[in-house]
Amino acid sequence: MLRIAAGRVYDPANGIAGEVRDVCVQDGKIVTDVPGHARRIDARGMVVMPGGVDIHAHIAGPKVNAARKLAPEEPYGGIVPSTFATGHRYALLGYTTVVEAATPPLAARHTLSEIRDTPVIDAAFLVLMGNNLPLFELIRSEPARVREAIAWYLQATGGYGVKLVNPGGVEMWKRGNGNVTSLDDEGPGVTPRQVIETIATAVHELGLPHPVHVHCNNLGVSGNWRTTLDTLRTLEGRRAHLAHLQFHAYGGRLGGRPRSKAPELAEYLNAHAELSADVGQVMFGPAMTMTADAPVSAVLRDITHGRWVNADTEAETGCGIVPFTYRERNYVHALQWGIGLELFLLSRDPWRLVLSTDHPNGGSFLSYPRLIRLLMDREFRNEQIGRVNRKAMKRTVLLDDLDREYTLEEIAIITRAGPARLLGLRDKGHLGVGADADITIYDDDRDDREAMFAAPRYVIKDGRPVVEDGELREAGAGRLLRVGAEYDPSIEPTLEKLFEDRYSVQFASYPVREPWLLEPAHTVAAEPR
Ligand SMILES: [Zn+2]
């Protein structure tokens, strides 16, 4: 039992914005009151928020592990930390829930093993389905059954939601047919538009807690904002989440210098309540690009002329990894940084445009505190804007000295309440009675919000203090968050036949059946429509 006494509480999901009040905890949950003898944390002068929720990061699975091998000199504090360090570092930052954003179903065992090995944080993973050959065949021949197949894949893997990465485009590239230029390209027998429409509809009908999570075609390419808009229009009327919108917000001619189209995309998002996005902010310094979008990695490799991992997952996806450094003086890097900030500053609904760096693609999650300061502190932001490539800044609205400063309430929305709501995690991201007792307590440092968010005083996970006075005290295991979705078993013989023609793995040994890999788990049920 625990009483967090007299802190300034930010709990936007329950309409609480800086009220001084107590937060009480019993048996890992938030309760209305605890007896007088309960342990007491004096939070006077401190800021109390729900534990952070990261909606999109890359922390577990084969590609993360391959990236670790590319940077073996930095196992603990580097850009791709070990499983152990990942859990500790997130906890020390006040984050208690993280979503691994891209796992091929065939690699689910690996991802589950690493999630199990990652201490403290609860974790979920999204399953890649945008370049899956059995699904392509169903999309062509029996689109109405795609929904059953998706539910089957989710149950077979222990996954939480559905991710599309360059839908149709990775398979097209694997076949040597180049890159997608429009959503109507007839690459691998289905068009990107067919993949997006059919799968988004299936996810919607299944009533999964998190809508389809889309990494659009043409990531990083000048002029790609048209593809992004076309994707959004294709999705219209269904809920959808766009990953790392910054990387998809470029104007300019194909092959030419990119321009910012952040204002146009921010406006579209503002006007469509069913759509959401995370930003994928670029932060200057070292990064590690890792993506199922293998064609993008091939392009990056041509830019860096450095190390490159390219991997194939049979019948499901590609994968590429390239170490990368973002530099302030570089026009393109500075523009990417500027576009991310524009999206944040032009967004009118913090519940639907949430914080990410696409860790470690745009930068490490360890840079979140600096990003928060950029959003909260106009003077600091303008000082930084003054240091970066001038030509790039002239292509953005940032030189207009936007006066917006995020409030603590808005930060609480974009780092915990918003992501939890978008993920459909009802027990996360808020401090109402019955919520998981994941709580972060900060010193209220008005002069330096970066220092404040970099070192919370206390972090409580499931009611247990895991960080006290800024130090890690206890590091128990986190839980796997998975979805419960029912399917018609008649889909199994259909899938088995599709598997036999395409996989080297037998259908019977494909699903994860090792119970220890799926425990301890918390299942969030789908609500079919
Ligand atoms: Zn990502």
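When a ligand or atom number is given, it counts from 1 through the structure's own listing order. Sequence positions, counted from 1, serve as the residue numbers for this chain.
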Enquirer: Suppose we only count N/O/S atoms under 2.8 Å; would H244 qualify as near the Zn ion (ligand 1)?
Expert: no
Enquirer: Mind checking whether the Zn ion (ligand 1) has an N, O or S of H215 under 2.8 Å?
Expert: no
Enquirer: Does the ring centre of F365 sit less than 6.0 Å away from the ring centre of Y90?
Expert: yes
Enquirer: Count the heavy atoms belonging to other residues, nucleotides or ligands that lie under 6.0 Å from CD of E267, then report whether that count exceeds 12.
Expert: no
Enquirer: Where the Zn ion (ligand 1) is the corner point, what angle links NE2 of H56 with NE2 of H58, to 10°?
Expert: 110°
Enquirer: Check D358 and report its N/O/S atom nearest to the Zn ion (ligand 1), by atom name.
Expert: OD1
Enquirer: Is the backbone N or O of S260 less than 3.5 Å from a side-chain atom of E342, with the two atoms forming a donor-acceptor pair by type?
Expert: no
Enquirer: Assess the pair H56 and H213: is the distance between their ring centroids shorter than 6.0 Å?
Expert: yes
